[in-house]
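Quick notes on the structure that follows.
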Protein chains: 2
Amino acid sequence: MGKPPHTSYHSDPRVDALVDETIGRVADKWTLLVLEALEEAGEQRFSAIGRAVPGISQKMLTQTLRQMEREGLVTRTVHAEVPPRVEYRLTDLGHDLAEAFCGVWHWAERNIEKIEAARAAFDARK
Amino acid sequence: MGKPPHTSYHSDPRVDALVDETIGRVADKWTLLVLEALEEAGEQRFSAIGRAVPGISQKMLTQTLRQMEREGLVTRTVHAEVPPRVEYRLTDLGHDLAEAFCGVWHWAERNIEKIEAARAAFDARK
DNA sequence: GCCAATACTCTCCAATGGGAAGTAGGCACC
DNA sequence: GGTGCCTACTTCCCATTGGAGAGTATTGGC
């Protein structure tokens, strides 16, 4: 659909496309988890974020942080020391996004049991 | 981090892990976009969803819908007709998730310009 | 001189995703 | 009565992505 009339506040397909594209870049697992970690702990250094997001590889952490920096979600501050220290902090934009995702986080918390049940049922049926 | 004391309502690492895992399965580009499409248009058939989510391949649409069905986000109704007709509809759980993501959608709408500006600045700098 | 610490960066391999073609199954048309 | 046609998949092949793990740059401390 090019999105039907419906009760939307806009219907500009270019805006829709842009929003979709933005969502596509922002709504992936690692971005969301890193966002969460930074929102909870404030300014953090590279390796601390890595510990806060279990399962992420260094490569993906670097990549995710770079992308987030590019989108204006985090700032990156390099301290010229040895050993090196690089700190990441959410921008206002990043903070707003974290708050927007907060609802999803709560949804997940609230519904873990329902989801597990749905999966068990689905797996049993198939 | 095992998540510091902080003002959280829980601190059970197993719950955290489960939530992370759930987020990981639910927070991907295609799931979010399909969720959006179904939330906007109500019950929809396979190919209509495909048209509503520009860029998705049939394979990913099938896969995403199956996974969403498994998580209990959508119901799948097959009408034994020719040509076949399969309709997908959000469950209450799926509807709640769509509402939770609503904030993200609005955030994207509100901040497209800031994001574009941040990207332009980043690309110019580097 | 050598090691430790940190934030990457690179290389190799496995998994994922897109594109296009194939499948099932019954009805309409010639 | 064979030939398409319609729709929701499914399969195959190939390019891209992601993970594991090793390598790199820097410099103060032993």
Side-chain angles (χ1 to χ4, degrees), chain A residues 1 17 20-21 23-35 37-38 41 43-71 73-89 122 125-126, chain B residues 1 17 20-21 23-35 37-38 41-71 73-90 122 125-126:
Chain A
M1 66 182 161
D20 277 11
E21 198 203 317
I23 295 282
R25 264 181 287 111
V26 140
D28 81 299
K29 181 183 166 183
W30 296 134
T31 300
L32 186 37
L33 261 20
V34 167
L35 204 62
L38 282 171
E43 195 170 47
Q44 288 272 86
R45 31 199 312 195
F46 184 85
S47 50
I49 301 173
R51 264 171 273 126
V53 181
I56 196 168
S57 64
Q58 284 191 328
K59 189 170 78 171
M60 283 314 292
L61 183 52
T62 305
Q63 210 170 103
T64 303
L65 285 169
R66 281 283 182 294
Q67 172 134 337
M68 291 176 75
E69 192 192 354
R70 183 167 188 252
E71 312 286 333
L73 303 178
V74 301
T75 55
R76 179 170 178 273
T77 313
V78 182
H79 299 268
E81 305 171 358
V82 158
R85 184 160 60 94
V86 181
E87 300 205 298
Y88 293 89
R89 168 193 293 272
F122 181 93
R125 193 182 334 137
K126 191 57 223 317
Chain B
M1 68 184 158
D20 277 11
E21 198 202 317
I23 295 282
R25 264 181 287 112
V26 139
D28 82 299
K29 181 183 167 182
W30 296 132
T31 301
L32 185 38
L33 262 18
V34 167
L35 203 63
L38 283 171
E43 195 170 47
Q44 289 271 86
R45 33 198 313 196
F46 184 84
S47 49
I49 301 173
R51 264 171 272 125
V53 181
I56 196 169
S57 65
Q58 285 191 328
K59 189 172 78 171
M60 282 316 291
L61 182 52
T62 305
Q63 209 170 104
T64 303
L65 286 168
R66 281 283 181 293
Q67 170 133 340
M68 289 174 76
E69 193 192 354
R70 183 166 189 253
E71 312 287 333
L73 302 178
V74 301
T75 55
R76 177 169 179 275
T77 312
V78 182
H79 299 269
E81 303 171 0
V82 158
R85 186 159 59 95
V86 181
E87 301 205 297
Y88 294 90
R89 170 193 292 271
L90 289 185
F122 182 92
R125 194 181 336 135
K126 190 61 222 319

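Note that these values count all heavy atoms, side chains included, but never hydrogens, waters or copies made by symmetry. Residue numbers begin at 1 in each chain, while the letters A, B, ... track the order of the sequences.
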State the [atom1]-[atom2] distance between [X] and [Y], to the nearest 0.5 angstrom.
{"X": "A:Leu33", "Y": "B:Ile23", "atom1": "CG", "atom2": "CD1", "result": "7.5 Å"}
{"X": "B:Arg70", "Y": "B:Leu65", "atom1": "CZ", "atom2": "CG", "result": "15.0 Å"}
{"X": "A:Ile56", "Y": "A:Ile49", "atom1": "CD1", "atom2": "CD1", "result": "9.0 Å"}
{"X": "B:Leu61", "Y": "B:Arg51", "atom1": "CG", "atom2": "CZ", "result": "11.0 Å"}

When you compare the protein's N or O atoms with those of nucleotides 13-15 of chain C, which come within less than 3.5 Å of each other, and at what distance?
none

A correct 5'-to-3' footprint of nucleotides 6-20 of chain D, with B, S and - meaning base, sugar-phosphate only and no protein heavy atom under 4.0 Å, is BBSBBBB-----BB-
Within the structure provided, determine whether [X] and [Y] are in side-chain contact (heavy-atom separation under 4.5 Å).
{"X": "B:Met60", "Y": "B:Gln63", "value": "yes"}
{"X": "A:Gln67", "Y": "A:Thr31", "value": "no"}
{"X": "A:Val26", "Y": "A:Leu73", "value": "yes"}

Taking it one step at a time, do B:Glu87 and B:Arg89 satisfy salt bridge (charged side-chain N to carboxylate O under 4.0 Å, His left out)? CA-CA 7 Å; B:Glu87 301 205 297; B:Arg89 170 193 292 271; over 6 Å; no
Distance check needed: D:dC5 C1' versus B:Glu81 CD, whole Å only.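 Checked: the CD to C1' distance equals 16 Å.
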